[in-house]
Amino acid sequence: MMAAPLERCSGFSMLSPPPTEPEEVDPWERPCTEVLSGVSALLKERGLSIDLEALRLELEGSSGGPADLSVPLHRVARQGGRNPAELAAELAGVWPARGSTLSASAKGAYLNFDAEPATLAARTLELIGTRRERYGFLRSTNTSVCVEHTSANPNGPFHIGRVRNAIIGDTYARILRAAGYRVTVHYYVDDVGRQAAVISWIWSNPRAQWPPAALATLPPGREGPEAGEKADHYYGRPYPVVSALLKEDAALAADLGEYARKVEEGHAPPAHRELSERVLAGMLASLARLGIQYDEFVWESRFLADGSVDRMIARLKQAPHAVQEENGAWAIDASGYGLPQESSRLIFTRADGTSLYATRDLAYHESKFASFPRVIDVLGADHLLHSKVLDALLAEVGEPRRPEFVFYQYIQAPGGSKMSTRAGTAVYLDDLLDEAVERAHTEVLARREDLDDDAVGEIAEAVGASAVRYSILRVAPDKPVQFRWEEALSFEGRTAPFLLYSYARATTLLHKADRLDPPHPFEAGQLTAPEERRLLRALSRLPGVVRYSARTGHVHALATYAHELADAFHSCYQAVPVLRAGAERESRIALVAATRITLGVTLDLLGLARLERM
RNA sequence: GGGCCCGUAGUAUAGCUUGGAUAUCACAGAGGCCUCCGGAGCCUCGAACCCGGGUUCGAAUCCCGGCGGGCCCGCCA
């Protein structure tokens with residue numbers, strides 16, 4: 001259900017690289033161009049034609065196979081009445097050796113191409129040496145994109161079900177930047193409407209008037225948060241109980257409705273915004289531990305204050321399918337938009353004339369389109385219908401553009417049930433982080449007796465936070481997952497600490513060689529061990545993975561890649577001596593230095609820590 | 001009831017958008033590696049595409065129908 005973002009990122013541009021930025025960004029760019037033009041020419045000579053775009057995608061995706069690049073010939077051969085295997089053999093036989101950096105071979109119906117080991121090594125290490133911290137970054141697209149993510153209501157602390165949004169969104173923003181976009185990250189702060197009013201409404205009432213059940217959520221005899229207690233936790237305490245009571249108690253609900261109406265009309269007491277900000281600050285502090293930050297906080301009330309919601313309502317009333325209900329509410333008859341029957345009437349003003357979430361969100365999106373050609377929203381699966389409603393409303397007001405959506409499924413509580421504060425099944429981000437950092441602390445102490453407390457604490461924080469982030473990132477967003485403590489807190493295998501360890505290992509090795517800063521002299525022909533070749537191939541793939549990840553929104557592809565890279569490094573490290581090597585020493589140091597850069601960039605893109613030691 | 005998403009070894013996961021070679025990786029299990037630059041590591045082995053149809057030379061991948069799980073169907077957000 002991932003809506004494929006439009007394909008506007010820079011592809012290989014194999015046939016005509018953009019003249020503005022001629023520099024090479026991907027070691028596979030030229031080999032792919034060579035195969036693409038060479039194979040299509042050979043086929044043409046034989047009266048056969050191949051879909052170049054399909055072949056391009058085939059080549060980009062073929063890096064995981066047994067050959068560096070491979071072209072399946074089943075279809076072309078059949079269409080030309082040829083035997084695929086014979087055709088493959090024939091083409092491999094005539095593949096121009098002169099000037100080609102690739103050797104061709106036939107395996108069944110596949111025409112395979114392999115880079116000479118020395119060529120691959122030279123190309124990859126030289127490119128990494130040139131690009132340095134920009135390796136993995138693609139050419140600029142000169143396109144601005146707005147990524148909205150998290151946007152959780154400021155009504156209590158994050159549980160890990162909600163934080164999947166922030167982690168995916170933040171990572172996608174990083175990847176899009178690497179893919180050449182100018183990215184602005186928005187957090188839409190919902191300070192209008194009934195849900196948003198609950199917290200400030202209850203806290204604005206004297207405690208003596210609180211419903212007993214709400215009062216019971218507070219620690220007795222305390223007037224405010226204790227030292228060390230975060231505002232989101234303290235002020236969020238009554239929220240679940242109060243929101244439940246509102247569903248049962250009509251008088252309470254009416255009271256809140258009146259309060260919410262004042263908020264919408266701009267007459268909110270100062271405490272309303274103040275409380276929202278305090279709770280939000282608590283939430284953001286937790287996200288900051290995960291390395292998540294925002295360029296802009298867009299408060300929903302802004303669109304009421306500046307009149308854009310009113311203007312939007314006026315436009316909607318003029319829309320082709322606008323209708324007024326008997327009680328005065330206005331709606332769009334959206335029967336033609338393919339929405340489920342029940343929701344085909346989209347209310348955009350209540351009977352009392354106040355706006356709804358969808359209406360305000362529409363105004364927000366129009367403001368985004370005024371500044372950004374591309375708009376991306378990261379949304380939970382529960383917002384799928386809302387995204388369709390938004391699309392329909394945009395169409396109704398004549399807006400031709402649409403946001404792109406990245407959806408993710410919720411994380412379920414350990415038992416498999418829904419993560420719910422009220423049911424007590426929620427796992428809080430802060431608790432998870434604290435637990436992870438504590439575990440990391442123990443691990444560091446067990447390994448490093450030489451470090452002082454500050455260093456140990458710093459490393460533990462980085463390891464713990466990275467572990468949490470990666471445990472969520474590594475799974476495809478559209479998979480529903482069940483939270484498991486053992487997995488989130490695991491430090492070996494497919495985890496962040498494994499990645500951080502690789503980076504630290506490479507770093508200390510280079511320190512010992514006194515060669516931390518590349519480029520290093522190397523002779524590509526010396527890097528021929530199978531493990532070295534595997535590592536080189538892994539290194540060479542980063543730009544392609546960034547491109548794929550940016551194009552599809554599959555941020556977990558980068559997480560998978562990171563593990564493959566680290567894995568290749570560990571194998572190589574184990575198999576091939578570096579410092580003790582003879583003639584190959586400098587070349588191997590260059591390989592390790594390139595690995596350190598590539599791993600470092602990958603860790604940055606995933607929002608994981610780079611540790612020099614751990 | 002209707003719509004959407006997910007279903008891959010004991011557990012967890014990649015591959016699905018673009019059909020193609022022996023289906024990825026980890027944990028757990030069995031066995032091995034400290035003469036070696038960091039053992040949070042490395043090497044070896046066993047084990048999987050929910051079921052049934054269809055399209056195709058070829059289906060984990062596309063289509064249809066089941067089954068199981070999740071989400072949604074509000075003048076909430």
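These figures come from a predicted structure and were not determined experimentally. Numbered from 1 within each chain, the chains take letters A, B, ... in sequence-line order.
- Residue-level contact check: A/Arg194 touches the backbone only, with heavy atoms under 4.0 Å from sugar-phosphate atoms and none from bases.
- Looking at heavy-atom distances under 4.0 Å, A/Val444 makes contact with a base.
- In this structure, the CZ atom of A/Arg474 is 14 Å from the P atom of B/G15, given to the nearest Å.
- Among the nucleotides B/C37, B/A26, B/C5, the one closest to any side-chain atom of A/Asp478 is B/C5.
- One donor-acceptor pair, N or O on each side, does fall under 3.5 Å between the base of B/U17 and the side chain of A/Tyr548.
- Under a 4.0 Å N-O distance rule, the pair A/Glu265/A/Arg261 qualifies as a salt bridge.
- As the counterpart of B/A26, B/U11 is assigned, both hydrogen-bonding distances of the Watson-Crick or G-U wobble pattern falling under 3.5 Å.
- Here, B/C63 and B/U24 have their C1' atoms 27 Å apart, quoted to the whole Å.
- Among the atoms of the strands shown, base atoms are found under 4.0 Å from some heavy atom of A/Arg448.
- At a cut-off of 3.5 angstrom, the base of B/A21 holds at least one donor-acceptor pair with the side chain of A/Ser70.
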Checklist entry - Where do A/Val555 and A/Leu473 land on the side chain to side chain contact (heavy atoms under 4.5 Å, CB included) test, with the steps shown first? => result CA-CA 7 Å; A/Val555 297; A/Leu473 264 184; 4.0 Å; yes
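- For A/Asn327 against B/C75, a side-chain N or O and a base N or O form a donor-acceptor pair under 3.5 Å.
- Going from atom CZ of A/Arg194 over to atom CD of A/Glu264 covers 9.5 Å, rounded to the nearest 0.5 Å.
- Contact check for A/Tyr503 versus A/Met614: no side-chain heavy atoms found under the 4.5 Å cut-off.
- For B/A48 and B/C25, the C1' atoms lie 13 Å apart once the distance is rounded to whole Å.
- Protein atom CG of A/Leu599 is 17 Å distant from nucleotide atom P of B/A40, rounded to whole Å.
- B/G31 and B/A40 have their C1' atoms separated by 22 Å, with the value rounded to a whole Å.
- Remark: A/Arg350 is in phosphate contact with B/C76, judged by side-chain N or O atoms under 4.0 Å from OP1 or OP2.
- B/A23 and B/G46 have their P atoms separated by 13 Å, given to the nearest Å.
- The side chain of A/Glu325 approaches B/C75 more closely than any other nucleotide in the set B/U13, B/A14, B/C75.
- Using a 4.0 Å heavy-atom distance criterion, A/Val576 is classed as a base contact.
- The base of B/C6 lies outside donor-acceptor range of the side chain of A/Gln409, with no N or O pair under 3.5 Å.
- In this structure, A/Ala54 reaches neither bases nor backbone, as no heavy-atom distance under 4.0 Å exists between it and the strands shown.
- Checking B/G1 for Watson-Crick or G-U wobble geometry (two distances, each under 3.5 Å) identifies B/C73 as its partner.
- Taking atom P on both nucleotides, B/C50 is separated from B/U8 by 6 Å, rounded to a whole Å.
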Next on the checklist: For a side-chain hydrogen bond (donor to acceptor under 3.5 Å, both in side chains) check, start with the C-alpha distance between A/Asp377 and A/His365, then their side-chain angles and the critical distance, and finish with the verdict.
Outcome noted: CA-CA 10 Å; A/Asp377 297 348; A/His365 276 80; 2.6 Å; yes
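- When the P atom is compared between B/C27 and B/C43, the two are found 11 Å apart, to the nearest whole Å.
- Among the heavy atoms of the strands lying under 4.0 Å from A/Arg484 are primed sugar atoms or P, OP1, OP2 only; no base atom is included.
- A/Val592 comes within 4.0 angstrom of no nucleic acid atom, judged by non-hydrogen atoms across all strands.
- At least one side-chain heavy atom of A/Glu586 sits under 4.5 Å from a side-chain heavy atom of A/Arg515.
- Close to B/A14, at under 4.0 Å from its OP1 or OP2, lies a side-chain N or O of A/Lys479.
- For B/G74, neither phosphate oxygen OP1 nor OP2 lies less than 4.0 angstrom from any side-chain nitrogen or oxygen of A/His386.
- At the heavy-atom level, A/Asn112 lies under 4.0 Å from base atoms of the strands shown.
- For A/Gln412, taking side-chain heavy atoms from C-beta onward, the closest of the listed nucleotides B/C37, B/G70, B/C73 is B/G70.
- Residues from residues 579-589 of chain A placing a heavy atom under 4.0 Å of any atom in RNA chain B, listed by number, are A/Leu579, A/Arg580.
- The residues A/Asp114 and A/Arg537 are annotated as not salt-bridged, no charged nitrogen and carboxylate oxygen being separated by less than 4.0 angstrom.
- Looking at heavy-atom distances under 4.0 Å, A/Glu486 makes no contact with the nucleic acid at all.
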Item to check | Steps toward side-chain hydrogen bond (donor to acceptor under 3.5 Å, both in side chains) verdict (A/Arg610, A/Thr507) | outcome: CA-CA 10 Å; A/Arg610 290 198 201 198; A/Thr507 302; over 6 Å; no
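- Within 6.0 Å of CD on A/Glu458 lie no more than 12 heavy atoms contributed by other residues, nucleotides or ligands.
- Across all strands shown, nothing is found opposite B/U55 as a Watson-Crick or G-U wobble partner with both distances under 3.5 Å.
- No more than 12 heavy atoms of other residues, nucleotides or ligands sit less than 6.0 Å from atom CZ of A/Arg613.
- Considering A/Tyr357, A/Trp299, A/Tyr188 as possible partners of A/Tyr364, the one that fulfils the ring pair (Phe, Tyr, Trp, His ring centres under 6.0 Å) test is A/Tyr188.
- Between B/C76, B/C4, B/C37, one nucleotide has an atom nearer to the side chain of A/Leu384 than all others, and that is B/C4.
- In the set B/G58, B/G38, B/U13, the nucleotide with an atom closest to the side chain of A/Lys512 is B/G38.
- Distance noted for atom P between B/G69 and B/C76: 32 Å (whole Å).
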Checklist outcome for this item: B/S/- along nucleotides 41-49 of chain B (protein heavy atoms under 4.0 Å) is BSS------
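- More than 12 heavy atoms of other residues, nucleotides or ligands shown are found within 6.0 angstrom of CG on A/Asp450.
- Annotation for A/Arg448: atom CZ counts as buried by contact number, over 12 foreign heavy atoms lying within 6.0 Å.
- Among the atoms of the strands shown, none is found under 4.0 Å from any heavy atom of A/Gly108.
- Comparing B/A14 with B/A9, their C1' atoms sit 14 Å apart, to the nearest whole Å.
- Backbone-only contact: A/Val475 has heavy atoms under 4.0 Å from sugar-phosphate atoms and none from a base.
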